[in-house]
Participant: 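For reference, the structure I am asking about is given below.
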There are 2 protein chains.
Amino acid sequence: MLPNYPGVSPLVTRRLPRYYRHLTELMKSGTERISSREFADMIGFTASQIRQDLNCFGGFGQQGYGYNVATLRAEIGRILSVDKSHPAIILGAGHLGVALANNMGFEQCGFRLAGIFDVNPAIVDQTIKGCVVRHTSELSAFCAEFHPQVCVLCTPPAVVPELVKNLVSYGVKSFWNFSQCDISTFYPNEIVVEDVQLSDSLMNLSFHLNEKLGGH
Amino acid sequence: MLPNYPGVSPLVTRRLPRYYRHLTELMKSGTERISSREFADMIGFTASQIRQDLNCFGGFGQQGYGYNVATLRAEIGRILSVDKSHPAIILGAGHLGVALANNMGFEQCGFRLAGIFDVNPAIVDQTIKGCVVRHTSELSAFCAEFHPQVCVLCTPPAVVPELVKNLVSYGVKSFWNFSQCDISTFYPNEIVVEDVQLSDSLMNLSFHLNEKLGGH
DNA sequence: GTCCATCTGTTAAATAACGAACAATTGTTG
DNA sequence: CAACAATTGTTCGTTATTTAACAGATGGAC
């Protein structure tokens with residue numbers, strides 16, 4: 001039975017990967033220990049917030065000493081379950097799907113790329129990152145055999161609702177959603193959805209840039 | 001002088017693109033008016049929050065009627081400044097850079113793709129989305145001539161600090177950061193940074209998936 | 001070994017965000 | 001034209017989040 005953290009706010013857990021990333025950097029640079037103050041200056045948070053965030057999961061530090069970088073990194077990694085290797089599939093082998101297959105370290109994030117699917121015959125049978133691209137029609141059989149836990153959605157939004165419906169029936173539990181389609185409202189409480197709405201992000205940048213330009 | 005919204009929380013402004021996206025869909029489907037209640041059901045928020053968010057910027061609705069879809073969409077578009085056309089450049093023409101060049105509607109988000117840069121001679125001089133890929137050494141001259149406002153960072157993290165330093169000196173004001181390098185702490189108050197940390201996002205999914213798997 | 005500076009874990013205060021409630025206003029119906 | 005249903009803008013109480021403060025504990029210097 002895996003640990004569960006029911007009382008912890010999503011804002012806290014969303015900061016954990018950032019802690020993890022900086023701790024990895026610190027370890028690479030040979031730093032053995034760090035205080036919440038130093039860590040806060042490095043990240044741009046307050047020391048108080050860091051201590052409180054970490055204490056949601058346990059007392060990883062030592063009074064008068066600080067935090068051991070390697071230990072803390074391992075603990076956060078365990079909380080995030082990045083040591084797991086859940087099979088993941090990518091749907092849509094366009095530029096974005098290929099970019100993610102090649103650049104994302106799925107293995108460092110708790111997953112393992114198990115398959116890539118597309119409907120374009122020109123792409124099917126090509127090999128990307130060690131995976132042969134399969135036709136989407138093989139999805140059902142593939143899921144029955146390999147039970148992927150995660151689906152990375154890189155398809156046009158129009159086909160997403162039907163796809164998700166099928167995938168849920170095939171037992172896929174979670175989605176990394178790059179399609180401009182809000183699937184989080186489809187099956188609440190049944191699936192886990194992590195949205196990456198790039199256009200939302202770009203519009204947010206537009207807002208803040210124009211605010212800056214107009215604000216002097 | 002552009003409008004400025006000093007008192008508005010970043011959480012509110014971050015929801016605006018989502019409103020905008022759904023309003024675009026509604027307009028496409030021919031819906032003329034919508035109430036905060038219907039809109040809330042559609043998005044998955046509360047009606048109260050939507051009304052309160054919108055009222056940070058003005059009374060766009062009408063009592064007893066609701067909101068006019070086209071008008072509200074236009075107002076939010078104006079607030080987000082998506083009608084602008086600030087020149088943007090992409091640094092790093094790997095899979096991700098190319099994916100963004102091809103798939104992101106920069107024009108619909110207030111920007112215009114003005115240039116793509118890379119250090120790889122095999123890529124330089126190729127044409128992507130109407131842009132000839134230039135060598136990064138031409139960056140200085142390009143910025144002096146075309147004054148790009150935004151830089152999309154798709155390079156390895158190691159080269160980012162030096163790149164950002166140069167770009168800031170060339171007058172680039174904002175960054176859409178896909179590199180695994182926290183640049184927000186480098187020049188606070190001087191530049192606008194929108195981070196897209198894909199590995200953070202994937203780790204967050206890992207956390208929630210494992211929480212779900214372990215929690216029954 | 002003792003003192004002091006350091007730093008965490010934890011509690012408390014302050015701040016921010018959210019959801020519910022309601023008065024005011026509008027369109028609609030008969 | 002009057003009554004009613006619908007819906008916003010806004011206020012208020014509640015909850016959540018963040019920051020500050022402090023007691024307790026540790027390591028290091030001398």
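A note on names: the letters A, B, ... follow the listed sequences, proteins ahead of strands, and every chain is numbered from 1.
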Participant: To the nearest angstrom, how far is A:R51 atom CZ from C:dT10 atom C1'?
Facilitator: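 One finds 10 Å between C1' of C:dT10 and CZ of A:R51, rounded.
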
Participant: If I take atom CZ in residue A:R37 and atom C1' in nucleotide D:dA20, what distance separates them, rounded to the nearest angstrom?
Facilitator: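 Rounding to the nearest Å, CZ of A:R37 and C1' of D:dA20 are 11 Å apart.
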
Participant: What nucleotide, of C:dT10, D:dT10, C:dT26, holds the atom closest to the side chain of B:Q62?
Facilitator: C:dT26

Participant: Starting from P on C:dA17, measure out to CD1 on B:I50 and report it in whole angstrom.
Facilitator: 18 Å

Participant: Of the candidate nucleotides C:dC7, D:dT7, D:dG9, which contains the atom at the shortest distance from the side chain of A:S35?
Facilitator: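 Out of C:dC7, D:dT7, D:dG9, the nucleotide with an atom closest to A:S35's side chain is C:dC7.
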
Participant: Can you tell me if B:N55 touches the phosphate of D:dT10, counting only side-chain N or O atoms and a distance under 4.0 Å to OP1 or OP2?
Facilitator: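 Checking B:N55 against D:dT10: at least one side-chain N or O falls below 4.0 Å of OP1 or OP2.
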
Participant: Report yes if the side chains of A:P148 and A:F142 come closer than 4.5 Å at any heavy-atom pair, otherwise no.
Facilitator: yes

Participant: Rounded to the nearest Å, what distance is computed from the CD atom of residue B:Q49 to the C1' atom of nucleotide C:dG19?
Facilitator: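 The distance from CD of B:Q49 to C1' of C:dG19 comes to 9 Å, rounded to the nearest Å.
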
Participant: Once you apply a heavy-atom cut-off of 4.0 Å, does B:F45 come out as touching a base, just sugar-phosphate, or nothing?
Facilitator: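 No contact at all - B:F45 keeps every heavy atom at 4.0 Å or more from the nucleic acid.
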
Participant: Among D:dG9, C:dC18, D:dT19, find the nucleotide with the atom closest to the side chain of B:L11.
Facilitator: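 The closest nucleotide is C:dC18.
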
Participant: Counting only side-chain heavy atoms from C-beta out, which of D:dT7, D:dT19, C:dT8 sits nearest to A:S36?
Facilitator: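 Nearest nucleotide to the side chain: C:dT8.
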
Participant: C:dC7 C1' sits how many Å from A:E38 CD, rounded?
Facilitator: 11 Å

Participant: Under the salt bridge (charged side-chain N to carboxylate O under 4.0 Å, His left out) rule, what do A:R21 and B:D200 come out as? Steps first, then yes or no, please.
Facilitator: CA-CA 8 Å; A:R21 186 154 39 83; B:D200 287 15; 2.8 Å; yes

Participant: Is the shortest heavy-atom distance from the side chain of B:V152 to the side chain of B:L91 under 4.5 Å?
Facilitator: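 Not touching, per the 4.5 Å side-chain cut-off.
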
Participant: Can you tell me the distance, in whole Å, between the CZ atom of B:R15 and the P atom of C:dA17?
Facilitator: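 Rounded to the whole Å, the gap is 9 Å.
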
Participant: Among D:dT11, C:dT8, D:dG9, which is the nearest nucleotide to the side chain of B:Q52?
Facilitator: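 My answer, after comparing the listed nucleotides, is D:dT11.
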
Participant: Distance check needed: D:dA16 P versus A:D53 CG, whole Å only.
Facilitator: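 Answer to the nearest Å: 17 Å.
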
Participant: Go nucleotide by nucleotide along DNA chain C from the 5' end; which of A:Q63 and B:S9 gets its closest nucleotide reached first?
Facilitator: A:Q63

Participant: If only side-chain N and O atoms of A:Y67 are considered, is one of them under 4.0 Å from the OP1 or OP2 phosphate oxygen of C:dT6?
Facilitator: no

Participant: I want to confirm an ordering. Mapping B:I34 and A:G64 to their closest nucleotides on DNA chain D, which one lands closer to the 5' end?
Facilitator: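 In this pair, the answer is B:I34.
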
Participant: Does CZ in A:R37 sit with more than 12 non-hydrogen atoms of other residues, nucleotides or ligands closer than 6.0 Å?
Facilitator: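 Not buried by this count: 12 neighbours or fewer within 6.0 Å.
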
Participant: Rounded to the nearest angstrom, tell me the gap between atom CG in A:L72 and atom P in C:dC7.
Facilitator: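 After rounding, the gap between these two atoms is 16 Å.
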
Participant: Describe the nucleic acid contact of B:F60 in one word from base, sugar-phosphate, nothing, applying a heavy-atom distance below 4.0 Å.
Facilitator: sugar-phosphate

Participant: Which part of the nucleic acid, if any, lies within reach of B:S48 when heavy atoms closer than 4.0 Å are counted: base, sugar-phosphate only, or nothing?
Facilitator: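 Base contact.
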
Participant: For B:L113 versus B:C131, what's the shortest heavy-atom pair and its separation?
Facilitator: O-SG, 3.8 Å

